[in-house]
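We use all heavy atoms of the structure for the numbers below, so side chains are in, but hydrogens, waters and symmetry mates are not. Everything numeric here is computed off the predicted structure, so don't read it as measured data.
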Amino acid sequence: GAEGSTLMSYFSKNQIQALKPKITFSTLRDLQCPVLQSNDLQGKPEESCSTEELFEWLGAVLNQVSLDNNSSSFLSTYCCPEPNTVVEKAFLCTITGFIIPEKIIQLLEQLCCYFREPKLAYWLTLTVHGFADSPVSWRESEHGFHKGGENLYNFVIFRNLDYWLHMAVGAHDDCPP
């Protein structure tokens, strides 16, 4: 009846608008980046950084934490792991919204095409965050919010199309096989 059409009208104006992904772009200049070797997950002193070091660094970059180990900073004294290199320009694209797995696969494929261009990045990353208070997680378990609501995975794709996959979930969640 009239109630149903009013409800549909409300959702079409408000909810469906909210589901449209919001896209933001930014350029990070003179960014210190870890040196990575695709075949070396553990890293080697003076040669390359480990997957754990990269994951921590990514968290700092995505949260716009300074990487200069400034002792007067109350927020962070974090610095980029060694060895590292300064990248003149790094491109950051953030897509916020409800994104289906097929779209994520499409994004990954488009990112891989980036390596066909000459003289571009040696590696790039794609991080997919679930909502911290999402009711579902991987496998059959409900998502346990508890402290941080961690619920994400991250691809690191190399020029030779090798890749690393990080997965992070809360302590009470199941991790995928």
Side-chain angles (χ1 to χ4, degrees), residues 4 7-28 31 33-34 36-43 48-65 87 89-117 120-177:
L7 201 57
M8 282 304 293
S9 167
Y10 173 80
F11 274 104
S12 64
K13 277 188 205 150
N14 298 293
Q15 295 301 100
I16 294 168
Q17 295 288 317
L19 291 176
K20 283 186 182 170
K22 179 185 163 204
I23 304 172
T24 57
F25 299 99
S26 56
T27 302
L28 309 174
L31 179 68
C33 290
L36 306 176
Q37 298 290 338
S38 64
N39 60 356
D40 198 352
L41 297 166
Q42 304 305 316
S48 65
C49 297
S50 70
T51 58
E52 288 88 353
E53 287 173 314
L54 171 73
F55 196 59
E56 190 174 51
W57 173 84
L58 259 180
V61 170
L62 295 176
N63 287 290
Q64 299 178 330
V65 171
V87 173
K89 266 196 247 177
F91 193 57
L92 179 62
C93 172
T94 305
I95 304 171
T96 308
F98 186 78
I99 301 159
I100 59 173
E102 289 80 1
K103 289 288 179 196
I104 294 166
I105 291 166
Q106 204 177 348
L107 267 173
L108 267 176
E109 287 170 350
Q110 286 175 344
L111 285 172
C112 289
C113 294
Y114 187 75
F115 292 120
R116 291 185 198 148
E117 299 294 325
L120 292 175
Y122 289 101
W123 54 268
L124 49 84
T125 68
L126 172 68
T127 305
V128 181
H129 276 269
F131 297 104
D133 56 355
S134 170
V136 292
S137 184
W138 282 296
R139 301 176 92 171
E140 282 82 42
S141 286
E142 289 182 11
H143 177 50
F145 183 83
H146 297 282
K147 291 182 182 171
E150 296 85 1
N151 181 14
L152 66 104
Y153 58 92
N154 177 68
F155 282 99
V156 183
I157 306 146
F158 294 89
R159 193 181 272 180
N160 64 0
L161 299 187
D162 282 355
Y163 71 91
W164 295 350
L165 174 62
H166 299 99
M167 287 181 276
V169 292
H172 298 274
D173 291 351
D174 269 344
C175 212

For Ser50, does its backbone N or O pair with a side-chain atom of Glu53 as donor and acceptor, under 3.5 Å?
yes
How long is the span from the CG atom in Leu41 to the SG atom in Cys49, to the nearest 0.5 Å?
13.0 Å
Given Leu92 and Thr27, is the side chain to side chain contact (heavy atoms under 4.5 Å, CB included) satisfied, shown in steps?
CA-CA 6 Å; Leu92 179 62; Thr27 302; over 6 Å; no
Who pairs with Ile105 by side-chain contact (heavy atoms from CB on, under 4.5 Å), at least two apart in sequence or on another chain?
Glu109
By side-chain contact (heavy atoms from CB on, under 4.5 Å) - contacts of Ile95 (at least two apart):
Pro21, Ile23, Cys93, Ile99, Leu107
State, to 0.1 Å, how close Trp123 and Cys33 come at their nearest heavy-atom pair, and which atoms those are.
CZ2-CB, 4.3 Å
I'd like to check the ring-ring contact (aromatic ring centres under 6.0 Å, His included) partners of Tyr163; sequence neighbours left out, ordered by chain and number.
Phe155
Side chain to side chain contact (heavy atoms under 4.5 Å, CB included) assessment of Phe115 paired with Ile157:
CA-CA 10 Å; Phe115 292 120; Ile157 306 146; 3.8 Å; yes
Straight-line distance of Thr96 OG1 to Lys22 NZ, nearest 0.5 Å:
6.0 Å
The criterion is ring-ring contact (aromatic ring centres under 6.0 Å, His included); which residues satisfy it with Phe55, sequence neighbours excluded?
His166
Working to the nearest 0.5 angstrom, can you tell me the gap between Leu62 CG and Leu28 CG?
9.0 Å
Donor-acceptor check, side chain of Asn63 to backbone of Gly59, threshold 3.5 angstrom: yes or no?
yes
Spacing of CD belonging to Gln37 relative to CG belonging to Asp162, to within rounding of 0.5 Å:
11.0 Å
Criterion side chain to side chain contact (heavy atoms under 4.5 Å, CB included) on Leu36 and Trp164, from CA distance to verdict
CA-CA 11 Å; Leu36 306 176; Trp164 295 350; 4.1 Å; yes
Should the heavy atoms of other residues, nucleotides or ligands under 6.0 Å from CD of Gln42 be counted, would the total exceed 12?
no
Counterpart residues, side chain to side chain donor-acceptor pair (under 3.5 Å), relative to Asp40 (two or more places apart)
none
When you look at Val128 and Asn154, which way does the side chain to side chain contact (heavy atoms under 4.5 Å, CB included) test go after all the steps?
CA-CA 6 Å; Val128 181; Asn154 177 68; over 6 Å; no
Evaluate the ring planes of Phe91 and Phe25, with Trp represented by its six-membered ring, and classify them as parallel (under 30°), tilted (30 to 60°) or perpendicular (over 60°).
parallel
With sequence neighbours left out, write down each residue that passes side chain to side chain donor-acceptor pair (under 3.5 Å) with Thr94, or none if nothing qualifies.
none
Between the OG atom in Ser38 and the CG atom in Asn160, the distance rounded to the nearest 0.5 Å is 4.0 Å
Examine Arg159 relative to Tyr122 and say whether NZ or CZ is less than 6.0 Å from the centre of the six-membered ring and inside a 45° cone about the ring axis.
yes
